[in-house]
4 protein chains.
Amino acid sequence: MRADARRNRELIVRAATRVFMADGEAVSMEDIARAAGLGVGTLYRHFPDRAALLALISCDVLSRLTARTASAAASDLPRWEVLLGYVRDAVQEPFAMLKSVPVDDPDVAEPVARLHAVVLDVIKAAQAEGSLRADIEPAAVLDLLSLVVCRQGARADDPLALVVLDGLRSR
Amino acid sequence: MRADARRNRELIVRAATRVFMADGEAVSMEDIARAAGLGVGTLYRHFPDRAALLALISCDVLSRLTARTASAAASDLPRWEVLLGYVRDAVQEPFAMLKSVPVDDPDVAEPVARLHAVVLDVIKAAQAEGSLRADIEPAAVLDLLSLVVCRQGARADDPLALVVLDGLRSR
Amino acid sequence: MRADARRNRELIVRAATRVFMADGEAVSMEDIARAAGLGVGTLYRHFPDRAALLALISCDVLSRLTARTASAAASDLPRWEVLLGYVRDAVQEPFAMLKSVPVDDPDVAEPVARLHAVVLDVIKAAQAEGSLRADIEPAAVLDLLSLVVCRQGARADDPLALVVLDGLRSR
Amino acid sequence: MRADARRNRELIVRAATRVFMADGEAVSMEDIARAAGLGVGTLYRHFPDRAALLALISCDVLSRLTARTASAAASDLPRWEVLLGYVRDAVQEPFAMLKSVPVDDPDVAEPVARLHAVVLDVIKAAQAEGSLRADIEPAAVLDLLSLVVCRQGARADDPLALVVLDGLRSR
DNA sequence: TATGAATGAGTGTTCATTCAT
DNA sequence: TATGAATGAACACTCATTCAT
C-alpha cells in the first residue's frame, strides 16, 4: 500500500472515530469524508461500503483496547487497578457504535471475543485477589462494565461509572 | 377535543409505542401510521413533526410509569418490592427511545423530573427501610436503574438487571 | 386509485415512453420525473424501482401493440397489410428498450408471448394467403421483423425496413 | 512511438475488444485496464477519454475487417462466398459497440466508409455474378447485413442470419 | 376532517477522469 | 512513464413533511 493511501486510510479511521464519538452512529459518509478532509470516493476505495467502515473501526477500537488492557494485565499492578484502567480507556473510545455493528460478522466477533477473554481474565484475577466482589459471575461483571462503557458519551468519572465500579468492589 | 380526535391520538400513541418497542427508534412515520390504521396526514394533524411525536410518546410512557410507581408507592408493600416493580414495569415500555429524545425539551424534562422524584422517594425509603444499600447516593442508584431500563430489548430478569439489582441490595 | 394518482401514473408512463424513444434506455429517473413534470418520489410511489418502471412500460407498449394488431387481424384486410400495419405501429413505440428488460420476468414474458402469438398467426395466414414467402419458418420471420422493429430510432419507411419487408414478399 | 508504448496501446485495444465482446458496452474503464493488465492512468495516456477509446477500438475493428474483406475480394472466390466470409468475420468482432459510437466523429466515419466501399463492391459484383438478388439496392443489402452483424452476441449461423442471407440469395 | 399522493432534500454508492507518487 | 489513489458529479432510492382530494 502506498504511503499516501495508508495515511488517508488512517485519516478516515481517525475522522470516523471522532465523529462517531461526537455525533453517534447516524453520521453520513459525506460527513465522515469531510471530517477526514477527503472525498467520498476515497472512503469507498478503502471500504467497500458503510458496514465495512463501521466494522473496521470497531475492530480498530477493539484491538487497541485489547492491546492496552493486555499490556496492563502483564504488569504487576493490582488487578483492580487494571480493571479501572480498562474502564478509563474504554470510555475514551466510540464504544457506543458497537451497538450498530453486526456482531455476527466474524471479522467483528473475533476481536470482541479476544477483548472479552482478556477482560474476563482480569475480572477473575481481581476476584481471586479479593478486590472484586466474588459473589457475581465474571460474565455478569463483564456485561455490567460493557453497559457502562457502551453508552454514548460515557466518561470514566461520571456518577454512573463510579457507582457501578463501587458496587463491584469487595468490602 | 372531539371524541374521535382523542381516539385517533390514542391509536397513534399506542401504535408508535408498539413499533418502537418492536423495531427500535428507526421506524418511518408511514410505518407508524400503518400500525395505527391511519394515514400519515392524521399523524401530522396530531403532532407537528417526528420529534413532537417522540416527545409525546415519551411523556406518555413516563407518566404511565410515574402513575404506576406512585400507586405502588402508596401501598404498604416493602419499598424494595416497589423498586423491583418499577424496574419490571419500566422494561415493558419503549424506554430505549428516550435516548433519542431531546431531554432539553421542557415538555419532556418535566415528566422525567416527576418520575425521578417518585422513584427517588422510593429509593430513599428503601435505604431507610434497610433493603437498599445506603452507601450509594440515591441519584446514583437512579442513574444505575435508568441504565438497566433504557437498553433496547431490556428485560427485568436478564442477567444484567439481576446483577445490578443484586448489587444494590443491602447485605 | 385516486383520480390524480391515475393521471400521474399515466403522465409517468407517457413521459418515460417518450424519453426512452428519444434518448434510449440510459435515462435517469430524475430525467423521467422532470419530463413528466413530477418529483422523483412520485415515480417511486408508482413503481418500486427502475426495473419495475421499465417492465411496466414494456408491458404497456406490448399490450397496446397486441391490441392494435389483434384488432387489425380481426378485420378482412389482406394479411400482408396486417403485417405491414404491425411494423408501422411497432416502430412508433420505444421497442428498443425491450432489449434492456429482463425477459425472464414473467410479467414481461407473458405479454411478449401474447404479442408473438398474434403476430405468428398473421404470419402464417399471410403465407397461406400467398403474400408472404412460404419458404421461411414463421418464427424466423418473426425474428426478422423484431430485429427491424427493435432498433433505436427505427422508422417504418427507412430503407432497412423496406428491404426486409420486400425480401419477405412472395414473388 | 516507443516500442513499449505501442505494445501497451495494443494491449488496451485487445483487452477492450475482448471485454466489449464478452460484457457489452457498459464496462468500466477500470475493468478494461485490469483486463489489459495496466493501470487506468495508462489508458488515459493513450486515449483522452472513454469516447476516444471506443472510437479507436471501432476503427481497429473496422480496419481489420476491411483488410480481411479486401483480401478476400482480391481472391478469385465466388463473390457470394466473399460476402459470406464478411458476415462470418464481422460477427466475431464487437460490432454491437458501434451503436454507441458517434458516427459523426470523422475518425470513425472514414473507416466506416472504407469498409462500406469494399463491401458494396462485393455486393455489386455478387449481383453481377448472379448469386445475390439484383432487385435490391446495394446500399439496402449493406444495411441489412449491418443489422445482422451489429447485434450483441450475433453469430453467423444463428437462424436470423441464415434467414437474411437466404433471403438475399438469387433463385 | 382524514387520506394518502406528491415533494425534494438527503443517503449510500459508482465511475469517468485527474493527479500525486 | 506507469500506477492506482483521489475526486466529485451523477445515480437509484428513502422518508419526513406538505398539500390536493
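So you know, we letter chains A, B, ... as the sequences are listed, proteins then strands, and number each from 1.
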Q: Output, in order, the C-alpha distance, side-chain angles, deciding distance and verdict of side chain to side chain contact (heavy atoms under 4.5 Å, CB included) for B:V19 and B:D31.
A: CA-CA 8 Å; B:V19 298; B:D31 285 344; 5.8 Å; no
Q | Gap separating the CD1 atom of D:I57 from the OG1 atom of D:T17, nearest 0.5 angstrom | A | 4.5 Å
Q) Does anyone know the first and last nucleotide of DNA chain F in reach of chain D, 5' to 3', at under 4.0 angstrom to a heavy atom? A) F:dT1 to F:dA5
Q: Give the dot-bracket string for DNA chain F, reading 5' to 3', where a pair is Watson-Crick or G-U wobble with both distances under 3.5 Å, ( ) marks pairs inside the strand, [ ] marks pairs crossing earlier ones, | marks a partner on another strand, and . marks unpaired.
A: .||||||||||||||||||||
Q) How do D:R50 and A:M29 order along DNA chain E: which one's closest nucleotide is nearer the 5' end? A) A:M29
Q: Under 4.0 Å between any heavy atoms, over every strand shown, what does A:R2 touch: base, sugar-phosphate, or nothing? Just pick one.
A: base
Q: Provide the closest heavy-atom pair for B:M29 versus B:L43 in the form atom of the first, atom of the second, distance.
A: O-CD2, 3.6 Å
Q) DNA chain E: D:V27 or A:S28, which has the more 5' nearest nucleotide? A) A:S28
(Q) On a heavy-atom basis, which atom in A:R9 and which in A:F47 lie closest, and how many Å separate them? (A) NH2-CE2, 3.8 Å
**Q.** A:D4 with A:R7: basic N within carboxylate O range, under 4.0 Å
**A.** no
**Q.** Check: A:L54 main-chain N/O paired with A:S58 side-chain donor or acceptor under 3.5 Å
**A.** yes
Q | Distance in angstrom units between A:E30 CD and E:dG10 P, rounded | A | 11 Å
Q) Does A:R114 pair with A:E110 as a salt bridge, N-O distance under 4.0 Å? A) yes
Q: Provide the closest heavy-atom pair for A:P111 versus A:C59 in the form atom of the first, atom of the second, distance.
A: CG-SG, 3.9 Å
Q | Residue mapping more 5' on DNA chain F - nearest nucleotide basis, D:D4 or B:D49 | A | D:D4
(Q) Please determine whether side chain to side chain contact (heavy atoms under 4.5 Å, CB included) holds for the pair A:L65 and A:L62, giving the CA-CA distance in whole Å, both sets of side-chain angles, and the decisive distance to 0.1 Å. (A) CA-CA 5 Å; A:L65 200 50; A:L62 288 165; 5.8 Å; no
Q) Can any side-chain N or O of C:T42 pair as donor or acceptor with the backbone N or O of C:L38 at less than 3.5 Å? A) no
Q) Is a salt bridge present between B:E10 and B:R14, judged by a nitrogen-to-oxygen distance below 4.0 Å? A) yes
Q | Those residues of residues 34-47 of chain C lying under 4.0 Å from DNA chain E by at least one heavy atom | A | C:L38, C:G39, C:V40, C:G41, C:T42, C:R45, C:H46
